[in-house]
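In what follows, a single structure is set out as C-alpha coordinates and then discussed.
Residue numbering restarts at 1 for every chain, and letters A, B, ... go by the order of the sequence lines.
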Protein chains: 2
Amino acid sequence: MSDHETPMVNGVVEHKIGEEVLPFVEDEYGGVIVEMTTPTDPKCFVATLRYSFTQWRSQGKKGVWLNLPLSQVNLVEPAVKEGFRYHHAEPTYLMLVYWIPESESTIPLNASHRVRVGAVVLNHNKEILVVQEKYGMLRGSGVWKIPTGVVDEGEDIFAAAIREVKEETGIDTEFLEVLAFCQTHESFFVKSDLFFICLLRPTSFDIQKQDLEIEAAQWMPFEDSASQPITHKNELFKVIHRICSLKMEKNYTGFSKKPTTTFFDDKLGYLYLNKQDMNNPIT
Amino acid sequence: MSDHETPMVNGVVEHKIGEEVLPFVEDEYGGVIVEMTTPTDPKCFVATLRYSFTQWRSQGKKGVWLNLPLSQVNLVEPAVKEGFRYHHAEPTYLMLVYWIPESESTIPLNASHRVRVGAVVLNHNKEILVVQEKYGMLRGSGVWKIPTGVVDEGEDIFAAAIREVKEETGIDTEFLEVLAFCQTHESFFVKSDLFFICLLRPTSFDIQKQDLEIEAAQWMPFEDSASQPITHKNELFKVIHRICSLKMEKNYTGFSKKPTTTFFDDKLGYLYLNKQDMNNPIT
(Lines give C-alpha, C1' and ligand atoms only; values in the text may rest on other atoms or scores of the structure.)
Protein backbone atom coordinates (compact mmCIF):
# COMPACT_ATOMS: atom_id res chain seq x y z
CA MET A 1 0.00 0.00 0.00
CA SER A 2 1.51 3.36 -1.03
CA ASP A 3 1.45 6.43 1.20
CA HIS A 4 -1.27 8.31 -0.66
CA GLU A 5 -3.70 5.49 0.14
CA THR A 6 -3.36 5.93 3.91
CA PRO A 7 -4.61 9.44 4.69
CA MET A 8 -4.16 10.66 8.28
CA VAL A 9 -7.42 11.79 9.95
CA ASN A 10 -6.95 13.36 13.36
CA GLY A 11 -3.68 11.51 13.66
CA VAL A 12 -5.30 8.13 12.97
CA VAL A 13 -4.39 6.24 9.82
CA GLU A 14 -7.60 5.73 7.85
CA HIS A 15 -7.41 2.89 5.37
CA LYS A 16 -9.65 2.56 2.37
CA ILE A 17 -11.88 -0.47 2.81
CA GLY A 18 -10.68 -3.34 0.71
CA GLU A 19 -7.11 -2.11 0.40
CA GLU A 20 -6.07 -2.87 3.91
CA VAL A 21 -4.75 -6.10 5.37
CA LEU A 22 -6.20 -7.23 8.71
CA PRO A 23 -3.66 -6.84 11.52
CA PHE A 24 -1.92 -10.18 12.01
CA VAL A 25 1.09 -11.89 13.51
CA GLU A 26 2.92 -14.77 11.83
CA ASP A 27 3.10 -18.19 13.41
CA GLU A 28 6.06 -20.58 13.14
CA TYR A 29 4.41 -22.75 10.51
CA GLY A 30 3.94 -20.29 7.67
CA GLY A 31 0.53 -19.16 8.85
CA VAL A 32 -1.00 -15.96 10.21
CA ILE A 33 -3.00 -15.23 13.36
CA VAL A 34 -5.64 -12.48 13.31
CA GLU A 35 -7.31 -11.31 16.50
CA MET A 36 -10.31 -8.99 16.04
CA THR A 37 -10.19 -6.88 19.17
CA THR A 38 -12.16 -3.81 18.09
CA PRO A 39 -15.84 -3.57 17.05
CA THR A 40 -16.01 -3.93 13.28
CA ASP A 41 -18.83 -3.58 10.78
CA PRO A 42 -19.42 -7.00 9.13
CA LYS A 43 -19.31 -5.52 5.59
CA CYS A 44 -16.00 -3.74 6.23
CA PHE A 45 -14.69 -6.94 7.79
CA VAL A 46 -15.55 -9.05 4.75
CA ALA A 47 -14.02 -6.53 2.31
CA THR A 48 -10.82 -6.28 4.35
CA LEU A 49 -10.69 -10.04 4.79
CA ARG A 50 -10.96 -10.63 1.04
CA TYR A 51 -8.18 -8.15 0.33
CA SER A 52 -6.05 -9.75 3.06
CA PHE A 53 -6.46 -13.15 1.42
CA THR A 54 -5.17 -11.84 -1.93
CA GLN A 55 -2.04 -10.71 -0.12
CA TRP A 56 -1.63 -13.86 1.99
CA ARG A 57 -2.12 -16.11 -1.04
CA SER A 58 0.53 -14.26 -3.02
CA GLN A 59 2.88 -14.52 -0.02
CA GLY A 60 2.37 -18.29 0.14
CA LYS A 61 0.76 -18.21 3.60
CA LYS A 62 -0.82 -21.46 4.78
CA GLY A 63 -3.19 -21.49 7.75
CA VAL A 64 -5.17 -18.38 8.72
CA TRP A 65 -6.28 -18.31 12.36
CA LEU A 66 -9.11 -15.93 13.22
CA ASN A 67 -9.76 -15.18 16.89
CA LEU A 68 -13.18 -13.62 17.49
CA PRO A 69 -13.81 -12.52 21.08
CA LEU A 70 -17.39 -12.89 22.34
CA SER A 71 -17.92 -9.15 21.76
CA GLN A 72 -17.21 -9.65 18.03
CA VAL A 73 -19.88 -12.36 17.68
CA ASN A 74 -21.36 -10.37 14.76
CA LEU A 75 -18.37 -11.45 12.64
CA VAL A 76 -18.88 -15.20 13.13
CA GLU A 77 -21.52 -15.64 10.43
CA PRO A 78 -19.65 -13.58 7.78
CA ALA A 79 -16.41 -15.46 8.55
CA VAL A 80 -18.09 -18.85 8.11
CA LYS A 81 -19.69 -17.64 4.86
CA GLU A 82 -16.19 -16.69 3.64
CA GLY A 83 -15.11 -20.29 4.19
CA PHE A 84 -13.71 -20.32 7.74
CA ARG A 85 -14.37 -23.38 9.91
CA TYR A 86 -14.51 -23.58 13.70
CA HIS A 87 -11.30 -24.71 15.37
CA HIS A 88 -11.99 -24.35 19.07
CA ALA A 89 -13.83 -22.12 21.52
CA GLU A 90 -13.40 -20.95 25.07
CA PRO A 91 -16.07 -19.07 27.09
CA THR A 92 -14.78 -15.72 25.87
CA TYR A 93 -13.70 -16.35 22.29
CA LEU A 94 -14.16 -18.47 19.18
CA MET A 95 -11.16 -19.50 17.07
CA LEU A 96 -11.78 -20.15 13.38
CA VAL A 97 -9.34 -21.37 10.79
CA TYR A 98 -8.89 -21.34 7.00
CA TRP A 99 -6.34 -23.46 5.13
CA ILE A 100 -5.11 -21.66 1.98
CA PRO A 101 -2.89 -24.22 0.09
CA GLU A 102 -4.17 -26.92 -2.23
CA SER A 103 -2.18 -29.46 -0.20
CA GLU A 104 -3.62 -31.32 2.77
CA SER A 105 -4.12 -29.23 5.89
CA THR A 106 -1.52 -29.60 8.64
CA ILE A 107 -3.56 -27.42 11.01
CA PRO A 108 -3.16 -29.05 14.45
CA LEU A 109 -6.30 -30.51 15.92
CA ASN A 110 -8.16 -28.93 18.76
CA ALA A 111 -7.48 -30.04 22.34
CA SER A 112 -8.68 -33.62 22.31
CA HIS A 113 -8.67 -34.78 25.90
CA ARG A 114 -10.34 -34.05 29.15
CA VAL A 115 -8.09 -34.98 32.06
CA ARG A 116 -9.41 -36.36 35.32
CA VAL A 117 -7.82 -37.57 38.53
CA GLY A 118 -8.81 -40.21 41.03
CA ALA A 119 -7.21 -39.98 44.47
CA VAL A 120 -6.22 -43.03 46.49
CA VAL A 121 -5.70 -41.84 50.09
CA LEU A 122 -4.66 -44.53 52.57
CA ASN A 123 -4.11 -43.93 56.29
CA HIS A 124 -2.02 -45.89 58.80
CA ASN A 125 -5.04 -47.95 59.89
CA LYS A 126 -5.28 -49.51 56.41
CA GLU A 127 -8.34 -47.40 55.71
CA ILE A 128 -9.08 -45.77 52.35
CA LEU A 129 -10.83 -42.39 51.89
CA VAL A 130 -14.06 -42.94 49.96
CA VAL A 131 -17.15 -40.92 49.00
CA GLN A 132 -20.66 -41.36 47.66
CA GLU A 133 -21.64 -38.83 45.00
CA LYS A 134 -24.93 -36.93 44.59
CA TYR A 135 -24.72 -36.89 40.78
CA GLY A 136 -23.37 -39.05 38.00
CA MET A 137 -23.66 -42.73 37.11
CA LEU A 138 -23.16 -44.08 40.64
CA ARG A 139 -25.68 -41.85 42.46
CA GLY A 140 -28.01 -43.79 44.69
CA SER A 141 -26.09 -47.03 44.07
CA GLY A 142 -24.54 -47.23 47.53
CA VAL A 143 -21.12 -47.62 45.94
CA TRP A 144 -18.19 -46.07 47.84
CA LYS A 145 -15.55 -44.72 45.45
CA ILE A 146 -12.33 -42.76 45.62
CA PRO A 147 -12.63 -38.96 45.19
CA THR A 148 -12.41 -38.01 41.52
CA GLY A 149 -12.56 -34.79 39.53
CA VAL A 150 -11.63 -32.89 36.42
CA VAL A 151 -8.20 -31.25 36.09
CA ASP A 152 -8.67 -27.52 35.46
CA GLU A 153 -7.04 -25.87 32.49
CA GLY A 154 -3.51 -24.93 33.51
CA GLU A 155 -3.60 -27.12 36.61
CA ASP A 156 -0.99 -29.78 37.39
CA ILE A 157 -2.22 -33.35 37.76
CA PHE A 158 -0.78 -33.74 41.26
CA ALA A 159 -2.29 -30.41 42.34
CA ALA A 160 -5.71 -31.40 41.00
CA ALA A 161 -5.65 -34.62 43.03
CA ILE A 162 -4.78 -32.71 46.21
CA ARG A 163 -7.48 -30.09 45.47
CA GLU A 164 -10.23 -32.63 44.77
CA VAL A 165 -9.58 -34.53 48.02
CA LYS A 166 -9.60 -31.26 49.97
CA GLU A 167 -12.79 -30.02 48.28
CA GLU A 168 -14.76 -33.24 48.62
CA THR A 169 -13.60 -34.40 52.07
CA GLY A 170 -11.65 -31.61 53.76
CA ILE A 171 -8.61 -33.89 54.09
CA ASP A 172 -5.13 -32.40 53.48
CA THR A 173 -2.74 -34.58 51.50
CA GLU A 174 0.67 -34.82 49.89
CA PHE A 175 1.13 -36.27 46.42
CA LEU A 176 3.18 -39.47 46.20
CA GLU A 177 2.75 -41.19 42.83
CA VAL A 178 0.65 -41.73 39.74
CA LEU A 179 -0.18 -45.43 40.17
CA ALA A 180 -1.68 -45.92 36.71
CA PHE A 181 -3.68 -44.06 34.09
CA CYS A 182 -6.51 -44.94 31.76
CA GLN A 183 -7.43 -43.56 28.35
CA THR A 184 -10.96 -43.87 26.95
CA HIS A 185 -12.77 -42.23 24.03
CA GLU A 186 -16.02 -40.35 23.41
CA SER A 187 -16.27 -39.77 27.12
CA PHE A 188 -17.37 -36.15 26.97
CA PHE A 189 -19.10 -35.35 23.68
CA VAL A 190 -16.46 -36.38 21.09
CA LYS A 191 -13.56 -35.87 23.48
CA SER A 192 -11.29 -38.55 24.90
CA ASP A 193 -10.58 -38.93 28.59
CA LEU A 194 -7.34 -39.47 30.47
CA PHE A 195 -7.85 -40.60 34.05
CA PHE A 196 -4.83 -40.52 36.37
CA ILE A 197 -5.01 -42.63 39.52
CA CYS A 198 -2.90 -40.85 42.12
CA LEU A 199 -1.63 -42.05 45.48
CA LEU A 200 -1.71 -39.38 48.19
CA ARG A 201 -0.57 -39.40 51.83
CA PRO A 202 -3.05 -37.79 54.25
CA THR A 203 -1.70 -35.10 56.57
CA SER A 204 -5.04 -34.46 58.29
CA PHE A 205 -7.75 -36.94 59.24
CA ASP A 206 -11.02 -35.20 60.19
CA ILE A 207 -13.49 -35.39 57.34
CA GLN A 208 -15.46 -32.25 56.43
CA LYS A 209 -17.56 -33.32 53.50
CA GLN A 210 -18.60 -30.89 50.79
CA ASP A 211 -22.40 -30.72 50.39
CA LEU A 212 -22.83 -29.66 46.77
CA GLU A 213 -21.73 -32.87 45.08
CA ILE A 214 -20.93 -35.34 47.89
CA GLU A 215 -23.60 -37.41 49.63
CA ALA A 216 -21.26 -39.04 52.16
CA ALA A 217 -17.55 -39.47 52.89
CA GLN A 218 -15.68 -41.80 55.23
CA TRP A 219 -12.48 -43.62 56.07
CA MET A 220 -13.41 -47.19 55.13
CA PRO A 221 -11.42 -50.31 56.03
CA PHE A 222 -9.55 -51.14 52.82
CA GLU A 223 -10.85 -54.73 52.88
CA ASP A 224 -14.46 -53.48 53.01
CA SER A 225 -13.88 -51.24 50.03
CA ALA A 226 -12.19 -54.07 48.14
CA SER A 227 -15.05 -56.45 48.87
CA GLN A 228 -17.81 -54.22 47.45
CA PRO A 229 -19.63 -56.08 44.65
CA ILE A 230 -18.57 -53.43 42.09
CA THR A 231 -14.91 -54.22 42.74
CA HIS A 232 -15.44 -57.68 41.34
CA LYS A 233 -17.59 -56.57 38.42
CA ASN A 234 -15.67 -53.50 37.28
CA GLU A 235 -12.18 -53.96 35.89
CA LEU A 236 -10.98 -50.51 36.90
CA PHE A 237 -12.19 -50.85 40.53
CA LYS A 238 -10.48 -54.24 40.63
CA VAL A 239 -7.15 -52.93 39.32
CA ILE A 240 -7.15 -49.98 41.71
CA HIS A 241 -7.68 -52.27 44.70
CA ARG A 242 -5.07 -54.75 43.42
CA ILE A 243 -2.48 -51.98 43.07
CA CYS A 244 -3.36 -50.64 46.53
CA SER A 245 -2.85 -54.10 48.04
CA LEU A 246 0.58 -54.36 46.41
CA LYS A 247 1.38 -50.80 47.43
CA MET A 248 0.57 -51.46 51.10
CA GLU A 249 3.17 -54.25 50.93
CA LYS A 250 5.55 -51.85 49.12
CA ASN A 251 5.53 -54.09 46.04
CA TYR A 252 4.42 -51.60 43.41
CA THR A 253 6.20 -48.59 41.93
CA GLY A 254 4.27 -45.88 40.13
CA PHE A 255 5.49 -42.63 38.58
CA SER A 256 6.72 -39.84 40.89
CA LYS A 257 6.86 -36.21 39.84
CA LYS A 258 9.96 -34.22 38.96
CA PRO A 259 10.01 -30.57 37.85
CA THR A 260 11.49 -30.22 34.37
CA THR A 261 11.73 -27.95 31.37
CA THR A 262 10.19 -28.86 28.04
CA PHE A 263 11.87 -29.71 24.76
CA PHE A 264 11.66 -26.39 23.08
CA ASP A 265 10.86 -23.36 25.08
CA ASP A 266 12.33 -23.98 28.53
CA LYS A 267 8.80 -23.83 29.94
CA LEU A 268 8.52 -25.39 33.39
CA GLY A 269 6.51 -28.57 33.59
CA TYR A 270 6.34 -31.77 35.58
CA LEU A 271 7.71 -35.06 34.42
CA TYR A 272 6.20 -38.21 35.92
CA LEU A 273 8.50 -41.21 35.88
CA ASN A 274 9.73 -44.25 37.80
CA LYS A 275 12.01 -42.29 40.12
CA GLN A 276 12.86 -45.33 42.19
CA ASP A 277 14.49 -46.98 39.17
CA MET A 278 16.11 -43.66 38.20
CA ASN A 279 17.66 -43.18 41.63
CA ASN A 280 18.45 -46.76 42.56
CA PRO A 281 19.61 -48.66 39.51
CA ILE A 282 20.26 -52.28 40.39
CA THR A 283 23.70 -52.38 38.76
CA MET B 1 -49.81 -26.07 26.12
CA SER B 2 -53.50 -26.92 25.58
CA ASP B 3 -54.84 -28.58 22.46
CA HIS B 4 -56.47 -25.54 20.91
CA GLU B 5 -53.08 -23.87 20.73
CA THR B 6 -51.60 -26.58 18.48
CA PRO B 7 -53.59 -26.52 15.25
CA MET B 8 -52.91 -29.30 12.78
CA VAL B 9 -51.96 -28.06 9.31
CA ASN B 10 -51.65 -30.79 6.69
CA GLY B 11 -51.03 -33.27 9.48
CA VAL B 12 -48.10 -31.29 10.92
CA VAL B 13 -48.42 -29.75 14.36
CA GLU B 14 -47.96 -26.00 13.95
CA HIS B 15 -46.92 -24.26 17.13
CA LYS B 16 -47.45 -20.60 17.73
CA ILE B 17 -44.08 -18.87 17.97
CA GLY B 18 -43.24 -18.24 21.57
CA GLU B 19 -45.42 -21.02 22.93
CA GLU B 20 -43.21 -23.89 21.87
CA VAL B 21 -40.25 -25.41 23.69
CA LEU B 22 -37.12 -26.17 21.65
CA PRO B 23 -36.61 -29.91 21.18
CA PHE B 24 -34.23 -31.14 23.86
CA VAL B 25 -32.93 -34.19 25.67
CA GLU B 26 -32.11 -34.24 29.39
CA ASP B 27 -28.59 -34.89 30.66
CA GLU B 28 -27.68 -36.73 33.87
CA TYR B 29 -26.96 -33.56 35.80
CA GLY B 30 -30.34 -31.80 35.69
CA GLY B 31 -29.59 -29.99 32.47
CA VAL B 32 -30.94 -30.03 28.91
CA ILE B 33 -29.20 -30.45 25.55
CA VAL B 34 -30.64 -28.71 22.48
CA GLU B 35 -29.33 -29.48 18.99
CA MET B 36 -30.54 -27.16 16.24
CA THR B 37 -30.52 -29.41 13.19
CA THR B 38 -32.97 -27.59 10.90
CA PRO B 39 -32.65 -24.11 9.36
CA THR B 40 -34.37 -21.64 11.66
CA ASP B 41 -35.19 -17.97 11.37
CA PRO B 42 -33.25 -16.07 14.07
CA LYS B 43 -36.36 -14.20 15.28
CA CYS B 44 -38.38 -17.42 15.65
CA PHE B 45 -35.39 -18.96 17.39
CA VAL B 46 -35.16 -16.17 19.95
CA ALA B 47 -38.91 -16.24 20.68
CA THR B 48 -38.91 -20.02 21.10
CA LEU B 49 -35.75 -19.91 23.18
CA ARG B 50 -37.27 -17.34 25.57
CA TYR B 51 -40.41 -19.42 26.01
CA SER B 52 -38.29 -22.55 26.55
CA PHE B 53 -36.37 -20.79 29.32
CA THR B 54 -39.58 -19.94 31.19
CA GLN B 55 -40.40 -23.66 31.17
CA TRP B 56 -36.91 -24.86 32.07
CA ARG B 57 -36.64 -22.33 34.91
CA SER B 58 -39.94 -23.46 36.40
CA GLN B 59 -38.78 -27.09 36.11
CA GLY B 60 -35.56 -26.29 38.00
CA LYS B 61 -33.29 -27.12 35.06
CA LYS B 62 -29.64 -26.17 35.48
CA GLY B 63 -27.29 -26.09 32.49
CA VAL B 64 -28.64 -25.53 28.96
CA TRP B 65 -26.38 -26.88 26.20
CA LEU B 66 -26.97 -25.47 22.72
CA ASN B 67 -25.37 -27.28 19.79
CA LEU B 68 -25.28 -25.15 16.62
CA PRO B 69 -23.99 -26.98 13.52
CA LEU B 70 -21.99 -24.87 11.07
CA SER B 71 -25.08 -24.60 8.86
CA GLN B 72 -26.94 -22.84 11.71
CA VAL B 73 -24.23 -20.17 12.10
CA ASN B 74 -26.94 -17.50 11.78
CA LEU B 75 -28.13 -18.42 15.30
CA VAL B 76 -24.76 -17.83 17.00
CA GLU B 77 -25.14 -14.07 17.39
CA PRO B 78 -28.74 -14.22 18.70
CA ALA B 79 -27.78 -16.99 21.15
CA VAL B 80 -24.87 -14.95 22.55
CA LYS B 81 -27.13 -11.88 22.83
CA GLU B 82 -29.57 -14.02 24.87
CA GLY B 83 -26.75 -14.75 27.32
CA PHE B 84 -25.19 -17.97 26.04
CA ARG B 85 -21.41 -18.36 26.26
CA TYR B 86 -19.14 -20.52 24.10
CA HIS B 87 -18.25 -23.89 25.57
CA HIS B 88 -16.31 -25.65 22.82
CA ALA B 89 -16.19 -25.97 19.06
CA GLU B 90 -15.28 -28.60 16.52
CA PRO B 91 -14.88 -27.97 12.77
CA THR B 92 -18.58 -28.68 12.15
CA TYR B 93 -20.35 -27.28 15.21
CA LEU B 94 -20.24 -24.77 18.03
CA MET B 95 -21.46 -25.72 21.52
CA LEU B 96 -22.79 -22.92 23.71
CA VAL B 97 -23.97 -23.11 27.29
CA TYR B 98 -26.19 -21.18 29.71
CA TRP B 99 -26.28 -21.79 33.47
CA ILE B 100 -29.77 -21.08 34.89
CA PRO B 101 -29.41 -21.34 38.73
CA GLU B 102 -28.18 -18.57 41.01
CA SER B 103 -25.63 -21.01 42.44
CA GLU B 104 -22.14 -21.42 41.06
CA SER B 105 -21.95 -23.20 37.71
CA THR B 106 -20.89 -26.85 37.78
CA ILE B 107 -20.72 -26.98 33.97
CA PRO B 108 -17.68 -29.13 33.19
CA LEU B 109 -14.83 -27.36 31.50
CA ASN B 110 -13.98 -27.83 27.87
CA ALA B 111 -11.31 -30.36 26.85
CA SER B 112 -8.18 -28.87 28.34
CA HIS B 113 -5.27 -30.90 27.01
CA ARG B 114 -3.58 -31.66 23.77
CA VAL B 115 -1.86 -35.04 23.94
CA ARG B 116 1.41 -35.79 22.17
CA VAL B 117 3.66 -38.80 21.96
CA GLY B 118 7.41 -39.16 21.58
CA ALA B 119 8.68 -42.53 20.36
CA VAL B 120 11.91 -44.10 21.60
CA VAL B 121 12.83 -46.85 19.12
CA LEU B 122 16.02 -48.77 19.91
CA ASN B 123 17.46 -51.55 17.72
CA HIS B 124 19.77 -54.41 18.63
CA ASN B 125 22.87 -52.41 17.59
CA LYS B 126 22.24 -49.90 20.38
CA GLU B 127 21.05 -47.37 17.82
CA ILE B 128 18.12 -45.00 18.31
CA LEU B 129 15.72 -43.87 15.58
CA VAL B 130 15.98 -40.07 15.22
CA VAL B 131 14.75 -37.37 12.84
CA GLN B 132 15.35 -33.74 11.93
CA GLU B 133 12.17 -31.73 11.36
CA LYS B 134 11.38 -29.18 8.63
CA TYR B 135 9.17 -27.06 10.89
CA GLY B 136 8.96 -26.10 14.53
CA MET B 137 11.42 -24.80 17.08
CA LEU B 138 14.29 -27.14 16.20
CA ARG B 139 14.26 -26.61 12.41
CA GLY B 140 17.71 -25.84 11.03
CA SER B 141 19.33 -26.49 14.41
CA GLY B 142 20.98 -29.77 13.38
CA VAL B 143 19.43 -31.45 16.44
CA TRP B 144 18.44 -35.10 16.03
CA LYS B 145 15.31 -35.92 18.04
CA ILE B 146 12.94 -38.82 18.55
CA PRO B 147 9.81 -38.89 16.33
CA THR B 148 6.97 -36.96 17.97
CA GLY B 149 3.41 -36.10 17.07
CA VAL B 150 -0.08 -35.23 18.21
CA VAL B 151 -2.53 -37.94 19.31
CA ASP B 152 -5.66 -37.71 17.17
CA GLU B 153 -9.07 -37.45 18.77
CA GLY B 154 -10.24 -40.96 19.57
CA GLU B 155 -6.77 -42.45 19.08
CA ASP B 156 -5.00 -44.58 21.67
CA ILE B 157 -1.64 -43.33 22.94
CA PHE B 158 0.19 -46.52 21.98
CA ALA B 159 -1.39 -46.48 18.51
CA ALA B 160 -0.38 -42.85 17.98
CA ALA B 161 3.25 -43.67 18.80
CA ILE B 162 3.27 -46.55 16.30
CA ARG B 163 1.58 -44.36 13.65
CA GLU B 164 3.96 -41.42 14.06
CA VAL B 165 7.05 -43.63 13.72
CA LYS B 166 5.60 -45.27 10.61
CA GLU B 167 4.59 -41.92 9.05
CA GLU B 168 7.85 -40.13 9.72
CA THR B 169 10.35 -42.94 9.10
CA GLY B 170 8.53 -45.90 7.51
CA ILE B 171 9.64 -48.15 10.40
CA ASP B 172 7.16 -50.71 11.78
CA THR B 173 7.08 -51.07 15.55
CA GLU B 174 5.40 -52.72 18.50
CA PHE B 175 4.48 -50.77 21.63
CA LEU B 176 6.28 -51.79 24.82
CA GLU B 177 5.89 -49.16 27.56
CA VAL B 178 5.18 -45.56 28.48
CA LEU B 179 8.55 -44.64 30.01
CA ALA B 180 7.44 -41.29 31.45
CA PHE B 181 5.10 -38.42 30.72
CA CYS B 182 5.31 -34.67 31.00
CA GLN B 183 2.61 -32.06 31.61
CA THR B 184 3.07 -28.41 30.64
CA HIS B 185 0.69 -25.48 30.32
CA GLU B 186 -0.20 -22.84 27.72
CA SER B 187 1.48 -24.98 25.11
CA PHE B 188 -1.14 -24.54 22.41
CA PHE B 189 -3.07 -21.30 22.86
CA VAL B 190 -4.46 -21.65 26.41
CA LYS B 191 -4.37 -25.45 26.33
CA SER B 192 -2.14 -27.69 28.40
CA ASP B 193 0.01 -30.42 26.93
CA LEU B 194 0.55 -34.02 27.97
CA PHE B 195 3.57 -35.63 26.32
CA PHE B 196 3.92 -39.41 26.63
CA ILE B 197 7.37 -40.87 26.01
CA CYS B 198 6.83 -44.36 24.62
CA LEU B 199 9.27 -47.21 24.14
CA LEU B 200 8.72 -49.19 20.93
CA ARG B 201 10.43 -52.26 19.49
CA PRO B 202 11.22 -52.03 15.75
CA THR B 203 10.01 -54.88 13.54
CA SER B 204 11.41 -53.39 10.31
CA PHE B 205 14.65 -51.50 9.78
CA ASP B 206 14.75 -49.77 6.36
CA ILE B 207 14.02 -46.08 6.75
CA GLN B 208 11.62 -44.44 4.26
CA LYS B 209 11.43 -40.86 5.45
CA GLN B 210 8.30 -38.78 4.94
CA ASP B 211 9.04 -35.59 2.96
CA LEU B 212 6.31 -33.22 4.15
CA GLU B 213 7.58 -32.58 7.67
CA ILE B 214 10.84 -34.54 8.00
CA GLU B 215 14.20 -33.21 6.78
CA ALA B 216 16.19 -36.35 7.61
CA ALA B 217 15.89 -39.63 9.51
CA GLN B 218 18.49 -42.17 10.62
CA TRP B 219 19.46 -44.91 13.01
CA MET B 220 22.00 -43.09 15.20
CA PRO B 221 24.36 -44.74 17.68
CA PHE B 222 22.71 -44.14 21.05
CA GLU B 223 25.90 -42.63 22.46
CA ASP B 224 26.04 -40.06 19.64
CA SER B 225 22.43 -39.05 20.31
CA ALA B 226 23.14 -38.80 24.04
CA SER B 227 26.23 -36.66 23.47
CA GLN B 228 24.47 -33.98 21.41
CA PRO B 229 24.90 -30.58 23.12
CA ILE B 230 21.09 -30.23 23.55
CA THR B 231 21.04 -33.38 25.71
CA HIS B 232 23.15 -31.60 28.30
CA LYS B 233 21.24 -28.33 28.10
CA ASN B 234 17.66 -29.60 27.95
CA GLU B 235 16.26 -31.42 30.96
CA LEU B 236 13.78 -33.48 28.96
CA PHE B 237 16.40 -34.67 26.44
CA LYS B 238 18.63 -35.56 29.38
CA VAL B 239 15.93 -37.57 31.17
CA ILE B 240 14.94 -39.45 28.00
CA HIS B 241 18.55 -40.52 27.41
CA ARG B 242 19.04 -41.43 31.07
CA ILE B 243 15.94 -43.65 31.05
CA CYS B 244 17.07 -45.24 27.77
CA SER B 245 20.46 -46.05 29.30
CA LEU B 246 18.79 -47.72 32.27
CA LYS B 247 16.33 -49.48 29.99
CA MET B 248 19.11 -50.97 27.84
CA GLU B 249 20.46 -52.50 31.07
CA LYS B 250 16.90 -53.61 31.98
CA ASN B 251 16.96 -51.41 35.07
CA TYR B 252 13.86 -49.31 34.44
CA THR B 253 10.19 -50.22 34.46
CA GLY B 254 7.60 -48.02 32.77
CA PHE B 255 3.86 -48.51 32.36
CA SER B 256 2.62 -51.27 30.04
CA LYS B 257 -0.84 -51.28 28.51
CA LYS B 258 -3.76 -53.45 29.54
CA PRO B 259 -7.25 -53.37 28.00
CA THR B 260 -9.87 -52.46 30.58
CA THR B 261 -13.39 -51.16 31.07
CA THR B 262 -14.06 -47.79 32.67
CA PHE B 263 -15.68 -47.01 35.99
CA PHE B 264 -19.15 -46.28 34.83
CA ASP B 265 -20.19 -47.33 31.38
CA ASP B 266 -18.20 -50.47 30.62
CA LYS B 267 -16.55 -48.59 27.78
CA LEU B 268 -13.35 -50.24 26.57
CA GLY B 269 -10.18 -48.33 27.27
CA TYR B 270 -6.54 -48.94 27.96
CA LEU B 271 -4.99 -48.83 31.38
CA TYR B 272 -1.26 -48.08 31.59
CA LEU B 273 0.41 -49.44 34.71
CA ASN B 274 3.52 -51.13 36.15
CA LYS B 275 2.61 -54.59 34.89
CA GLN B 276 5.90 -56.06 36.03
CA ASP B 277 5.04 -55.27 39.65
CA MET B 278 1.45 -56.44 39.08
CA ASN B 279 2.53 -59.81 37.70
CA ASN B 280 5.60 -60.49 39.81
CA PRO B 281 5.02 -59.27 43.33
CA ILE B 282 8.13 -59.80 45.42
CA THR B 283 6.24 -61.49 48.25
Side-chain angles (χ1 to χ4, degrees), chain A residues 28-29 70 73-74 76-77 80 85-86 88-91 94 108-115 135-137 150-154 156-157 180-185 190-192 194 234-236 239 246 249 251-255 260-264 267 269-274 277 281-283, chain B residues 28-29 70 73-74 76-77 80 85-86 88-91 94 108-115 135-137 150-154 156-157 180-185 190-192 194 234-236 239 246 249 251-255 260-264 267 269-274 277 281-283:
Chain A
E28 286 164 20
Y29 299 88
L70 199 65
V73 66
N74 62 324
V76 174
E77 188 176 357
V80 167
R85 293 295 169 262
Y86 303 138
H88 68 272
E90 293 298 318
L94 175 63
L109 296 173
N110 188 358
S112 54
H113 285 65
R114 187 171 61 153
V115 180
Y135 302 101
M137 292 279 196
V150 176
V151 176
D152 290 335
E153 207 155 70
D156 287 309
I157 289 164
F181 63 87
C182 186
Q183 186 192 23
T184 51
H185 304 297
V190 299
K191 298 302 179 182
S192 300
L194 269 164
N234 185 292
E235 179 75 14
L236 196 51
V239 166
L246 291 169
E249 307 298 327
N251 287 339
Y252 185 93
T253 307
F255 283 175
T260 189
T261 51
T262 59
F263 260 123
F264 306 123
K267 201 172 273 181
Y270 279 92
L271 195 65
Y272 294 80
L273 76 181
N274 187 330
D277 283 357
I282 295 160
T283 52
Chain B
E28 286 163 21
Y29 299 88
L70 199 65
V73 65
N74 62 322
V76 174
E77 187 175 357
V80 167
R85 292 295 169 261
Y86 303 138
H88 69 272
E90 293 299 319
L94 174 62
L109 294 174
N110 187 358
S112 54
H113 285 64
R114 188 172 61 154
V115 179
Y135 302 102
M137 292 279 196
V150 176
V151 177
D152 290 335
E153 208 155 69
D156 287 310
I157 288 164
F181 63 88
C182 186
Q183 187 193 25
T184 51
H185 304 298
V190 299
K191 298 301 178 181
S192 299
L194 269 165
N234 183 292
E235 179 76 13
L236 196 50
V239 166
L246 290 169
E249 307 298 327
N251 288 336
Y252 185 91
T253 307
F255 283 176
T260 189
T261 51
T262 60
F263 259 122
F264 305 123
K267 200 172 274 181
Y270 279 91
L271 194 66
Y272 294 80
L273 77 181
N274 188 330
D277 283 357
I282 296 162
T283 51

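Contact record, A/Gln183 with B/Ile157: OE1-N, 2.9 Å, taken as the closest heavy-atom pair. Shown here for B/Thr260 and A/Glu235, the closest heavy-atom pair between the two residues is OG1-CG, 2.6 Å. When every heavy atom of B/Glu90 is checked against every heavy atom of A/Tyr86, the shortest pair comes out as O-CB, 3.2 Å.
Heavy-atom pairs under 4.5 Å with chain A were tallied for B/Leu271, B/Asp152, B/Val76, B/Val151; the largest tally goes to B/Leu271. Among B/Ser192, B/Ala180, B/Ala111, the residue making the largest number of heavy-atom pairs under 4.5 Å with chain A is B/Ala111. Interface check for chain A: of the options B/Thr253, B/Leu194, B/Val239, the most heavy-atom pairs under 4.5 Å are formed by B/Thr253.
Residue B/Tyr272 holds its OH atom at 9.0 Å from SG of A/Cys182, rounded to the nearest 0.5 Å. Taking CG from B/Leu273 and CZ from A/Phe181, the interatomic distance works out to 9.5 Å, rounded to the nearest 0.5 Å.
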Quiz prompt | Stepwise side-chain contact (heavy atoms from CB on, under 4.5 Å) test for A/Asn274 and B/Asn274 | solution = CA-CA 9 Å; A/Asn274 187 330; B/Asn274 188 330; 4.2 Å; yes
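Shown here are the side chain to side chain contact (heavy atoms under 4.5 Å, CB included) partners of A/Val150, two or more places apart in sequence or in another chain: A/Arg114, A/Arg116.
Using a 30° and 60° split on the angle between ring planes, A/Phe255 and B/Phe255 fall in the parallel class, below 30°.
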